[in-house]
Amino acid sequence: MKLILSTLAATLAVLVPITAAAQPATGRPAVPAAQRPPVASPTPPNTGTVADGKIAIIDTEAFADPKTGITRLVSAFEVVNREFKPRSDELQRLRAQYEQLGKDIAATVNVEDQRARAAKLEQAEALKKDIERKTQDAQSAYQKRLRDVTDPIYKDISPALQAFAKQRGVNVIFDVSKLAEVMFIINDSVDLTRAFITDYNPRNPVTATPAKQ
């Protein structure tokens with residue numbers, strides 16, 4: 001499952017030591033796409049008609065794509081991200097304060113008044129611990145809230161996908177988001193992802209996301 005990138009994800013990065021140079025935050029490496037041979041001409045749109053063999057593939061990570069994914073799922077992610085924006089903003093502010101302290105400490109490395117420098121180091125260490133604690137709390141709360149909101153949607157998607165595949169005579173579905181590094185796809189017509197999303201969205205419009213308890 002590919003989570004939609006949020007402002008919170010950018011904020012909940014691992015802290016670097018106060019004396020180290022700031023490093024850009026990085027998210028989870030993208031799952032490599034399933035290997036496909038080059039084609040000489042554009043692939044025609046997939047209508048969900050599966051080639052012989054009764055085997056199909058699906059990319060569940062595509063369900064959460066903000067532009068082309070399952071609208072109920074995308075909406076749920078957006079709601080949770082909005083709920084956690086205040087925490088994200090607070091953590092960004094604290095990280096900026098922490099980084100500024102690092103610059104102040106670096107600028108006073110040769111200053112004779114070491115007591116003032118020691119005070120800043122102590123302040124920075126306390127701020128670092130505060131950020132770490134709030135980051136862990138936010139991560140735990142975010143993941144729990146996300147599960148509460150999205151689990152019912154995923155539980156609804158599963159039987160809908162089974163029914164969709166059964167109507168097309170499919171016996172086995174492989175999720176390429178889990179097998180991208182070991183699966184070699186030679187026929188794009190077995191990919192049900194786009195056809196399923198197109199079929200699912202009109203049947204399952206966005207409804208109100210449950211309020212946070």
Side-chain angles (χ1 to χ4, degrees), residues 1-13 27-34 45-50 54-89 91 135-183 185 188-213:
M1 176 183 72
K2 180 183 293 180
L3 302 184
I4 297 176
L5 293 179
S6 66
T7 54
L8 181 71
T11 305
L12 304 184
R28 180 174 66 86
V31 176
N46 189 348
T47 61
T49 302
V50 183
K54 309 300 182 182
I55 294 176
I57 64 171
I58 201 83
D59 182 1
T60 57
E61 288 192 348
F63 292 172
D65 186 286
K67 295 182 179 179
T68 60
I70 290 176
T71 52
R72 287 180 63 197
L73 200 57
V74 172
S75 177
F77 278 116
E78 291 174 346
V79 167
V80 176
N81 288 340
R82 284 196 299 269
E83 289 178 2
F84 279 79
K85 189 177 186 304
R87 287 199 188 191
S88 173
D89 292 343
L91 286 168
T135 297
Q136 292 173 356
D137 290 346
Q139 286 175 331
S140 297
Y142 180 81
Q143 294 299 330
K144 181 181 183 303
R145 176 60 174 155
L146 203 57
R147 286 194 300 271
D148 291 344
V149 172
T150 60
D151 276 0
I153 301 174
Y154 280 111
K155 289 178 180 178
D156 182 69
I157 290 173
S158 181
L161 177 57
Q162 291 181 40
F164 181 83
K166 186 175 181 180
Q167 291 171 358
R168 285 153 180 79
V170 175
N171 295 324
V172 179
I173 298 179
F174 290 102
D175 185 354
V176 294
S177 69
K178 309 294 192 299
L179 302 171
E181 296 180 355
V182 298
M183 180 175 287
I185 301 170
D188 281 337
S189 70
V190 300
D191 189 345
L192 292 179
T193 307
R194 176 53 37 209
F196 172 68
I197 293 175
T198 301
D199 179 82
Y200 183 88
N201 279 338
R203 300 171 185 269
N204 300 272
V206 176
T207 57
T209 300
K212 189 175 181 180
Q213 300 297 322

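Not measured: the values here are computed from a predicted model.
- Taking 4.0 Å as the cut-off between side-chain N and carboxylate O, Asp151 and Lys155 do not count as a salt-bridged pair.
- Residues Gln162 and Ile173 form no side-chain contact, since every pair of their non-hydrogen atoms from C-beta on lies 4.5 Å or further apart.
- Between atom CG of residue Asn204 and atom CD1 of residue Ile157 there is a gap of 8.5 Å, rounded to the nearest 0.5 Å.
- Using a cutoff of 4.0 Å between basic side-chain nitrogens and carboxylate oxygens, Arg72 and Asp156 are scored as salt-bridged.
- For the pair Val190 and Ile55, the minimum side-chain heavy-atom distance is 4.5 Å or more.
- Minimum heavy-atom separation, Ala76 to Ile153: CB-CD1, 3.8 Å.
- Closest of all the heavy-atom pairs between Arg147 and Pro152 is O-CD, 4.2 Å.
- Of the possible polar contacts, none joining the Ser88 side chain to the Phe84 backbone as a donor-acceptor pair under 3.5 Å is found.
- Geometric assessment of Arg168 against the ring of Phe164 yields a positive cation-pi assignment under the 6.0 Å and 45° thresholds.
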### Message
Quick one, Asp175 with Thr60, criterion side-chain hydrogen bond (donor to acceptor under 3.5 Å, both in side chains). Give me CA distance, side-chain angles, the key distance, then yes/no.
### Response
CA-CA 7 Å; Asp175 185 354; Thr60 57; 2.7 Å; yes

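- Taking each heavy atom of Arg87 and Ala141 in turn, the nearest pair found is NH1-CB, 3.6 Å.
- In this structure, Ser75 contributes its side chain and Thr71 its backbone to no donor-acceptor pair below 3.5 Å.
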### Step-by-step side-chain contact (heavy atoms from CB on, under 4.5 Å) determination, Thr135 to Leu91
CA-CA 7 Å; Thr135 297; Leu91 286 168; 3.6 Å; yes

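- Proximity of Ile58 to Leu161: side-chain heavy atoms (C-beta onward) are separated by under 4.5 Å at one or more points.
- Asp65 places none of its side-chain heavy atoms less than 4.5 Å from the side chain of Val74.
- Checked for salt-bridge contact, Asp148 and Arg145 miss the test: no charged N lies under 4.0 Å from a carboxylate O.
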### Task
Please assess Phe63 against Phe196 for the test ring pair (Phe, Tyr, Trp, His ring centres under 6.0 Å), listing each intermediate value before the final yes or no.
CA-CA 10 Å; Phe63 292 172; Phe196 172 68; 5.8 Å; yes

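- Counting all heavy atoms, side chain and backbone alike, Ala62 lies closest to Ile197 at O-CD1, 4.0 Å.
- Between Asn201 and Ile70, the closest side-chain pair of non-hydrogen atoms falls below 4.5 Å.
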